[in-house]
Amino acid sequence: MAGRRARTGRGWDASPPRTGDSTPRPRRGRPTPGDESTPGPGAIGRADAGPAATTPRDEAEVAREICLRQLAVRPRTRAELATALARRGVSEETASAVLDRYDEVGIIDDAAFARAWVSSRHAGRGLARRALANELRQRGVDGDTASAALDELDESTEAETARALVERKLRSARGEPDAVFRRLVGMLARKGYPPGVAIRAVKEALAAQSAEAAEFAEQIDADALTDAEG
């Protein structure tokens, strides 16, 4: 009909295929039959899957990694590492075997840990033997090992440290001598110093501070107060 636009495309009036081109063209995106280069359904999953995808990790390997991560932060006692392994679900048998091996090669050494802990905490925080013994116990160090480490901190060193702590605090202390005295004795007690050591250290430091403090210190009976505290 005149004036009607000619239709083109794949309908009834589609152009016939060109002569000699009888091979059907495959639809785009679909592999042709026999095309060996194109993987079939599920082939990618099978190619990627391997033994490592299904084989569980060795428990001893996991335990060693946990221990090394813990030790990278700071030295640990055997008890601390055992607790970390148990918390992560490592069996007691595997944990014991791994920790025994670490003991043998010196990766963990409770005696060395205790000595270093005592030295560091006394020098850095001014802690006395009683406080240090409590910290070592909390970290699983046995009594004999802790005692051997604490024996390296003698009474004279402990007394000198107590005096140095008091003198440092006195520089900024405010208040009446009796109130300052109580605060400083309490400070030393919290750091683990015995009453006798604490009272004498504060009395000596006050006596050297000022005339008023010295007069107050002269009235302090260290022995009587020590017995009362005990």
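Quick caveat, the model's predicted, so the values are computed rather than measured.
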E61: what forms a side-chain hydrogen bond (donor to acceptor under 3.5 Å, both in side chains) with it, not counting sequence neighbours?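 Residues passing side-chain hydrogen bond (donor to acceptor under 3.5 Å, both in side chains) with E61: none at all.
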Using the test side-chain hydrogen bond (donor to acceptor under 3.5 Å, both in side chains), find all partners of E59 that sit at least two apart in sequence or belong to another chain. S91, T94
Hey, what do you get for [atom1] ([X]) to [atom2] ([Y]), rounding to the nearest 0.5 Å?
X: E218; Y: L206; atom1: CD; atom2: CG; answer: 12.0 Å
X: R115; Y: D110; atom1: CZ; atom2: CG; answer: 11.0 Å
X: R88; Y: C67; atom1: CZ; atom2: SG; answer: 10.5 Å

Are any of the side-chain heavy atoms of [X] and [Y] separated by less than 4.5 Å?
X: E65; Y: V62; value: no
X: R76; Y: I108; value: no
X: L188; Y: V197; value: no

Using modelled atom types only, decide if a donor and an acceptor are shared between the side chain of R64 and the backbone of V98 within a distance under 3.5 Å. no
Count the heavy atoms belonging to other residues, nucleotides or ligands that lie under 6.0 Å from CD of Q138, then report whether that count exceeds 12.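 Enclosed.
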Tell me, yes or no, whether the heavy-atom count around E155 atom CD, taken from other residues, nucleotides or ligands under 6.0 Å, exceeds 12. no
Please enumerate all residues that pass ring-ring contact (aromatic ring centres under 6.0 Å, His included) together with F113, with sequence neighbours excluded.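 Testing F113 for ring-ring contact (aromatic ring centres under 6.0 Å, His included), a comparison that skips the adjacent residues, returns W117.
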What donor-acceptor contacts under 3.5 angstrom involve side-chain atoms of residues 140-148, with partners at least two apart or in another chain?
{"from": "D142", "atom 1": "OD1", "to": "D144", "atom 2": "N", "distance (Å)": "3.1"}
{"from": "D142", "atom 1": "OD1", "to": "T145", "atom 2": "N", "distance (Å)": "2.9"}
{"from": "D142", "atom 1": "OD1", "to": "T145", "atom 2": "OG1", "distance (Å)": "3.1"}
{"from": "D142", "atom 1": "OD2", "to": "T145", "atom 2": "OG1", "distance (Å)": "2.9"}
{"from": "S147", "atom 1": "OG", "to": "G143", "atom 2": "O", "distance (Å)": "2.9"}

Contacts under 3.5 angstrom, residues 122-131 side chains, donor-acceptor by atom type, not counting sequence neighbours:
{"from": "H122", "atom 1": "ND1", "to": "L127", "atom 2": "O", "distance (Å)": "2.8"}
{"from": "H122", "atom 1": "NE2", "to": "T161", "atom 2": "OG1", "distance (Å)": "2.7"}
{"from": "R129", "atom 1": "NH2", "to": "E158", "atom 2": "OE1", "distance (Å)": "3.3"}
{"from": "R130", "atom 1": "NH2", "to": "Y193", "atom 2": "O", "distance (Å)": "3.3"}

Show which side-chain atoms of residues 77-85 pair as donor or acceptor with protein atoms under 3.5 Å away, not counting sequence neighbours.
{"from": "T77", "atom 1": "OG1", "to": "E80", "atom 2": "N", "distance (Å)": "3.1"}
{"from": "T77", "atom 1": "OG1", "to": "R139", "atom 2": "O", "distance (Å)": "2.5"}
{"from": "R78", "atom 1": "NH1", "to": "D100", "atom 2": "OD1", "distance (Å)": "3.0"}
{"from": "R78", "atom 1": "NH1", "to": "D103", "atom 2": "OD2", "distance (Å)": "2.5"}
{"from": "R78", "atom 1": "NH2", "to": "D100", "atom 2": "OD1", "distance (Å)": "2.8"}
{"from": "E80", "atom 1": "OE1", "to": "R74", "atom 2": "NH1", "distance (Å)": "3.4"}
{"from": "E80", "atom 1": "OE1", "to": "T77", "atom 2": "N", "distance (Å)": "3.0"}
{"from": "E80", "atom 1": "OE2", "to": "R74", "atom 2": "NH2", "distance (Å)": "2.7"}
{"from": "T83", "atom 1": "OG1", "to": "A79", "atom 2": "O", "distance (Å)": "3.0"}

